[in-house]
Amino acid sequence: MVFVYRLMKAGKDALVSAKNVAVLTGAGISAESGVPTFRGEGGLWRNFRAEELATPEAFENNPKLVWEWYDWRRQLLKPLKPNKGHEVIARFEKRFPEFLLITQNVDGLHQKAGNKKMVELHGNIWKVRCLKEGKVTDNFETPLSKIPPSCECGAMLRPHIVWFGESLPYDAIQTAYRAANECDVMLVVGTSAVVQPAASLPIIAKEHGAYVIEINAEETPISDIVNESLIGKAGDILPEIERLLEM
Ligand code: OAD
């Protein structure tokens with residue numbers, strides 16, 4: 001592993017010849033759009049950490065508090081737009097014959113940028129689920145007129161988000177594992193790589209022979225494992241990589 005700012009020749013060659021590319025993203029890709037990350041600076045809300053709020057137990061004990069957090073996040077997210085990093089990832093979907101975007105983000109900004117071949121490992125903040133019927137519906141009301149919100153059937157709604165201790169959607173994680181097994185290159189962008197199973201995907205990709213490039217504002221637990229670790233902002237580095245591929 002080498003820490004560099006610019007993509008190395010080996011990384012460029014791997015991307016130029018790649019037929020199958022997977023991209024794994026975390027909160028850092030959305031930071032330059034104004035979305036607060038979970039860890040690091042600005043990661044706290046009313047002094048709570050995500051791990052204290054994004055759990056079934058927290059919701060059971062205090063659904064109002066958990067919904068207030070999500071209502072706050074939804075209000076923050078509503079006016080935000082995809083940034084240069086999201087835009088490059090959307091263009092990469094068209095550049096490579098096989099492509100999958102695997103995101104841990106729930107903000108919907110990748111879809112806004114135009115990505116379609118993607119899986120959302122942790123759900124989507126603009127979807128709600130009925131606690132009684134399990135039905136999932138879109139919900140864009142911001143701010144919410146009633147907290148906690150309720151379904152037409154009268155039961156309480158919960159955010160359609162995968163919380164700590166809950167299983168990931170089966171199809172999404174299986175699709176992600178397959179991409180990790182099969183990709184020629186994996187880009188890992190803006191994730192602290194501490195939350196499983198997403199954090200294991202770059203390791204699986206590397207073990208299966210992929211060239212793994214990390215792009216992150218700081219070193220992470222996988223920086224020593226990947227082929228290249230590019231330290232800096234995704235919104236600077238991804239356009240730089242795209243430019244290099246044109247040269
Ligand atoms: P984190 O907040 O843990 O990590 C974000 C990473 O992005 C950090 O390593 C930052 O250094 C980096 N970063 C910040 N700004 C950046 C920028 N402009 N360019 C590149 N990197 C930048 O977010 P995740 O890894 O996504 O789960 O967190 C994983 C999961 O934990 C989330 O999906 C969420 C959270 O609790 C749930 O809510 C279930």
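Atoms within each ligand, like the ligands themselves, are counted from 1 in listed order. Being a predicted model, the structure only gives us computed values, none of them experimental.
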Colleague: Can you list the atoms of ligand 1 that are under 4.0 Å from a heavy atom of Phe164?
Modeller: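 That gives atoms 36 (O) of ligand 1.
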
Colleague: Compare Gly26, Gly28, Ala31 and give the one whose heavy atom is closest to atom 7 (O) of ligand 1.
Modeller: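 Ranked by closest heavy atom to atom 7 (O) of ligand 1, first place is Gly28.
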
Colleague: Is the closest side-chain heavy-atom distance between Pro143 and Trp72 below 4.5 Å?
Modeller: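 Of all side-chain heavy-atom pairs linking Trp72 with Pro143, none is under 4.5 Å.
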
Colleague: Taking distance alone, with no angle check, do Ala27 and ligand 1 share an N/O pair under 3.5 Å?
Modeller: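 Yes.
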
Colleague: Report the part of Val162 (side chain from C-beta onward, or backbone N, CA, C, O) that has a heavy atom under 4.0 Å from ligand 1; answer both or neither where that applies.
Modeller: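 Just the backbone.
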
Colleague: Side chain or backbone of Glu32 under 4.0 Å from ligand 1, or both, or neither, by non-hydrogen atoms?
Modeller: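 Just the side chain.
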
Colleague: State, to 0.1 Å, how close Ile204 and Ala180 come at their nearest heavy-atom pair, and which atoms those are.
Modeller: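 Smallest interatomic distance, heavy atoms only, reads CG2-CB, 3.9 Å.
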
Colleague: Looking at ligand 1, does any of its N/O atoms fall within less than 3.5 Å of an N/O of Ala54?
Modeller: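 It does not: no N or O of Ala54 is found under 3.5 Å from an N or O of ligand 1.
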
Colleague: I need the atoms of ligand 1 closer than 4.0 Å to a non-hydrogen atom of Gln104, numbered in the order shown.
Modeller: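 Taking each heavy atom of Gln104 in turn, ligand 1 has 29 (C), 33 (O) under 4.0 Å.
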
Colleague: Looking only at N/O atoms, are Trp163 and ligand 1 under 3.5 Å apart anywhere?
Modeller: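 Looking only at distances, the answer is no, because the N/O contact criterion of under 3.5 Å is not met.
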
Colleague: Report the relative orientation of the aromatic rings in Phe59 and Trp163; use parallel for angles under 30°, tilted for 30 to 60°, perpendicular for over 60°.
Modeller: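 Tilted.
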
Colleague: Would you say Ile215 has any N or O atom under 3.5 Å from an N or O of ligand 1, going by distance alone?
Modeller: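 Looking only at distances, the answer is no, because the N/O contact criterion of under 3.5 Å is not met.
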
Colleague: Would you kindly confirm whether Val16 and Ile241 end up in one hydrophobic cluster when ILVMFWY residues are joined by side chain heavy atoms under 4.5 Å apart?
Modeller: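 Both belong to a single hydrophobic cluster.
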
Colleague: Hydrophobic clustering (ILVMFWY, side-chain heavy atoms < 4.5 Å, transitive) - are Met156 and Val136 grouped together?
Modeller: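 No, it is not one cluster - the side chains of Val136 and Met156 are not joined through contacts under 4.5 Å.
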
Colleague: Is Glu240 salt-bridged to Arg243, cutoff N-O under 4.0 Å?
Modeller: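 Looking at Arg243 together with Glu240, the answer is yes, because their closest N to O distance falls below 4.0 Å.
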
Colleague: Any N/O of Val195 closer than 3.5 Å to an N/O of ligand 1?
Modeller: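 Between Val195 and ligand 1 (N or O atoms, distance only) the closest approach is not under 3.5 Å.
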
Colleague: Out of curiosity, Leu230 CG to Asp236 CG, how far, rounded to the nearest 0.5 Å?
Modeller: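 Reported value, rounded in 0.5 Å steps: 12.0 Å.
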
Colleague: Only one of Arg91, Arg95, Lys94 forms a salt bridge (Lys or Arg N to Asp or Glu O under 4.0 Å) with Glu242, so which one is it?
Modeller: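 Of Arg91, Arg95, Lys94, salt bridge (Lys or Arg N to Asp or Glu O under 4.0 Å) with Glu242 is met by Arg91 alone.
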
Colleague: Do any heavy atoms of Gly123 fall under 4.0 Å from ligand 1?
Modeller: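 Judged by the 4.0 Å heavy-atom criterion, Gly123 does not count as contacting ligand 1.
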
Colleague: Using heavy-atom distances only, which candidate in Ala193, Ala198, Ser192, Gly85 approaches atom 4 (O) of ligand 1 most closely?
Modeller: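 The residue whose heavy atom sits nearest atom 4 (O) of ligand 1 is Ser192.
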
Colleague: Give the numbers and elements of all ligand 1 atoms closer than 4.0 Å to a heavy atom of Gly190.
Modeller: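 So the answer, numbered in order with elements, is 5 (C), 6 (C), 7 (O), 21 (N).
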
Colleague: Is Ile225 reachable from Val195 through a run of hydrophobic residues whose side-chain heavy atoms are each under 4.5 Å from the next?
Modeller: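 Different hydrophobic clusters.
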
Colleague: Go through ligand 1 atom by atom and flag the ones less than 4.0 Å from a non-hydrogen atom of Ala217.
Modeller: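 Selected atoms, number and element: 11 (O), 13 (N), 16 (C), 20 (C), 21 (N), 22 (C).
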
Colleague: Shortest non-hydrogen contact from Thr103 to His110?
Modeller: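 That would be OG1-CD2, 3.6 Å.
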
Colleague: Using a strict cut-off of 4.0 Å, indicate which atoms of ligand 1 neighbour a heavy atom of Thr37.
Modeller: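 Result: 2 (O).
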
Colleague: Run the numbers for me: atoms of ligand 1, each under 4.0 Å from some heavy atom of Ala50, listed by number.
Modeller: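 Under 4.0 Å from Ala50, ligand 1 has these atoms: 36 (O).
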
Colleague: With heavy-atom distances below 4.0 Å as the criterion, list the atoms of ligand 1 near Gly232.
Modeller: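 Within the 4.0 Å cut-off of Gly232, ligand 1 contributes 19 (N), 20 (C).
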
Colleague: Could you tell me whether Thr220 and ligand 1 have an N or O pair separated by under 3.5 Å?
Modeller: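 The answer is no, given that Thr220 and ligand 1 share no N or O pair closer than 3.5 Å.
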
Colleague: Membership question, hydrophobic clusters at under 4.5 Å side-chain separation (ILVMFWY): are Leu244 and Ile89 in the same one?
Modeller: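 Yes; Leu244 is reachable from Ile89 via cluster members.
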
